[in-house]
J.: 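Pasting a structure here, questions to come.
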Amino acid sequence: MLDIQKIRKETDQVVRGLAKRGLKIDFTDFLAKDEKRRQLISDTEALKAKRNKTSAEIPKLKKAGQDVSEVLKEMKTLSDEIKEADEVLAALNEEQAEYLAGLPNIPAEDVVAGGKENNQVIKVVGKKPDFDFEPRHHVDLAEQLGLIDYARGAKLGGNGYWIYTGLGAQLEWALLNYFIETHIKDGYKMMLVPHSLNYACGFAAGQFPKFADDVYWLDTLPGDDRDNSHFLLPTAETALVNLHRDEILAESELPKKYFAYTPCYRKEAGSYRAEERGMIRGHQFNKVEMFQYTRPEDSEAAFQELVDKAIALVEGLGLHFQVSKLAAGDCSASMGRTNDIEVWIPSMNDYKEVSSASNAYDYQARRGNIRFRRDGGKRNEFLHTLNASGLATSRIFPAILEQNQLADGSVLIPEVLRKWMGGMEIIKPVK
RNA sequence: GGAGAGAUGGUCGAGCUGGUUGAAGGCACCGGUCUUGAAAACCGGCGAAGUGCAAGCUUCCGGGGGUUCGAAUCCCCCUCUCUCCGCCA
């Protein structure tokens, strides 16, 4: 949620910021209505002040033995007038809130305008493996090594689902263990959260109202009974940002650093592409998500910490990858800045996102009413929220298979994972 | 699933026979006195949001609606929490 004060006072700056996302916003109507709304507020408040004052007089008049029937009649009229004005005002407020809720975050100053095509690669680690044989596709490798059962996954859940089997399941779990161990060591607090969340969670995260169709709804349809419906989280971020919704934290508690493992459930409607066969894009995938609540002045440093942590994880696996700084239009709605970590997938001849690190600044804090009180300070301030995957396994797993494959179709297990694989160093084809 | 109790400011907790209660009191926190320093004690301050240049005014006692001139207080609906019973892991 954007600060309405900012829209009023620094309109041009807001317009320019949103333009970087490719949005042409004209606040003229909005501001005119806001003006009207505020006028109405002051009008109705004058009426209410009068009501309160007279209302306090009535018991005194009664006590003095005076006849108050005339006053009561006037008050009735006044009350009706207030009620009418309040209804108009409520409608205006709702309209305004709805409009504000639909506006995305303003990109940070140094984030360039435009979409994906303007993303900049800011770091490259390792290099593309040089195979002296015909490298295999990860789907083939996974099947030959008995790691993934795609056919039965589809039988159980349909397109977009797979089953980790045997060593594949162990390898997947080893990855998660590696992430978890690292985060704990780095002082992040582990959380296991509900996977079924209520509407307010999606709103605070910034997924709703706009992207309510991208998630799986459990009981009712959104809009039917929005406040009592639940959806499966598309990322643990949605849960973690809501941990402190409607809370006021003490400055001394900040920064708060969390991480959570959850499967992520996404509809991915209409996004299936042939080149993404396998586990590149599924309806359910495993991810460990890092999250921070910080003071405003600390969030840029926290962002760097999160990016560095994600980098270190991929680096620790010995994989080749790059880091991209996203252009404004490629940052999701809630985020003012995002860096993606993209791992090399040989079969796709492309880099695919394994982590997305973002700074939401105060955008989510406003939506979720998450504030903090400075030591000795009087006013509560919105804090900043940041998140970063650390990591999603669904692209790391194929990257390991493809980048670490040998001529005979076996795959080297990254060293850091071996302790969770019973010391195993290599996975060999079963047939 | 059935029955009952409850939801008040950062926190705990009064008020709930409708009208100086936006809300006592405790704790926490901030400032001061005292002290070599600290603690204790004492004195003072201390909810949030909206609107306005400001003084101020308005709103908020889980959420929504209603009754009334006037609602934290009365009525209805919803959500959540707790206790008991049943069922299940």
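Reminder, nothing fancy here: chain letters follow the sequence lines and each chain counts from 1. This one's a predicted model, so the numbers in the text were calculated from it and none came from an experiment. In what follows, every heavy atom counts, from backbone to side chain, and hydrogens, waters and symmetry copies are set aside.
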J.: Can you tell me which stems RNA chain B forms when a stem means 3 or more consecutive Watson-Crick or G-U pairs under 3.5 Å?
T.: B:1-7 with B:79-85, B:10-12 with B:25-27, B:29-33 with B:41-45, B:47-51 with B:56-60, B:62-66 with B:74-78

J.: So does A:R373 get a side-chain nitrogen or oxygen closer than 4.0 Å to the phosphate oxygens (OP1/OP2) of B:rG47?
T.: no

J.: A:I4 has an atom CD1; how far is it from atom C1' of B:rA49, in whole Å?
T.: 13 Å

J.: Keeping to residues at least two apart or across chains, list the ring pair (Phe, Tyr, Trp, His ring centres under 6.0 Å) pairs with something in residues 4-38 of chain A.
T.: A:F27-A:F30, A:F30-A:Y99

J.: Using only side-chain N and O atoms of A:R38, determine if any of them is under 4.0 Å from OP1 or OP2 of B:rG50.
T.: no

J.: Below 3.5 Å, does any donor atom in the side chain of A:S42 face an acceptor in the base of B:rG52, or the other way round?
T.: no

J.: Expressed in angstrom and rounded to an integer, what is the separation of A:L72 atom CG from B:rG70 atom C1'?
T.: 10 Å

J.: Any side-chain N or O of A:N52 less than 4.0 Å from the OP1 or OP2 oxygen of B:rU58?
T.: yes

J.: Which nucleotide in the set B:rA48, B:rU58, B:rG10 lies at the smallest distance from any side-chain heavy atom of A:E45?
T.: B:rU58

J.: So, is A:K76 close to the B:rC69 phosphate, meaning a side-chain N or O under 4.0 Å from OP1 or OP2?
T.: yes

J.: When you check the side-chain N and O atoms of A:D140 and A:Q144, is any donor under 3.5 Å from an acceptor?
T.: no

J.: Count the heavy atoms of every other residue, nucleotide or ligand shown that sit under 6.0 Å from CD of A:E94, and state whether that count exceeds 12.
T.: no

J.: Tell me whether A:S334 contacts the main-chain N or O of A:A205 through its side chain, where contact means a donor paired with an acceptor under 3.5 Å.
T.: yes

J.: Please tell me which of the listed nucleotides, B:rC69, B:rU51, B:rA49, lies nearest to the side chain of A:R37?
T.: B:rU51

J.: For A:F372 and B:rG10, what is the distance between atoms CZ and P respectively, to the nearest whole Å?
T.: 16 Å

J.: Look at A:N198 and B:rU79 and indicate whether a side-chain polar atom (N or O) is within less than 4.0 Å of OP1 or OP2.
T.: no

J.: Using OP1 and OP2 only, check whether a side-chain N or O of A:R374 sits under 4.0 Å from B:rC29.
T.: no

J.: Expressed in angstrom and rounded to an integer, what is the separation of A:D246 atom CG from B:rA49 atom P?
T.: 13 Å

J.: What is the distance from CD of A:E247 to P of B:rG10, rounded to the nearest Å?
T.: 11 Å

J.: Closest approach to the side chain of A:I248, judged atom by atom: which nucleotide of B:rC57, B:rG10, B:rC69 is it?
T.: B:rG10

J.: Using a cut-off of 4.0 Å on non-hydrogen atoms, how would the nucleic acid contact of A:A56 be classed: base, sugar-phosphate, or nothing?
T.: nothing

J.: Which whole-number value in Å describes the distance from A:Y199 OH to B:rG63 C1'?
T.: 16 Å

J.: In terms of side-chain heavy atoms, does A:Q207 have a donor or acceptor partner in A:Y199 at a distance below 3.5 Å?
T.: no

J.: Please tell me which of the listed nucleotides, B:rA49, B:rU59, B:rC69, lies nearest to the side chain of A:S55?
T.: B:rC69

J.: Counting side-chain heavy atoms from C-beta on, which of B:rG10, B:rU59, B:rG66 comes nearest to A:K83?
T.: B:rG66

J.: Can you see if the side chain of A:Q5 gets near the phosphate of B:rU51 - specifically, an N or O under 4.0 Å from OP1 or OP2?
T.: yes

J.: Side chain of A:N380: nearest nucleotide among B:rA48, B:rU51, B:rG70?
T.: B:rA48

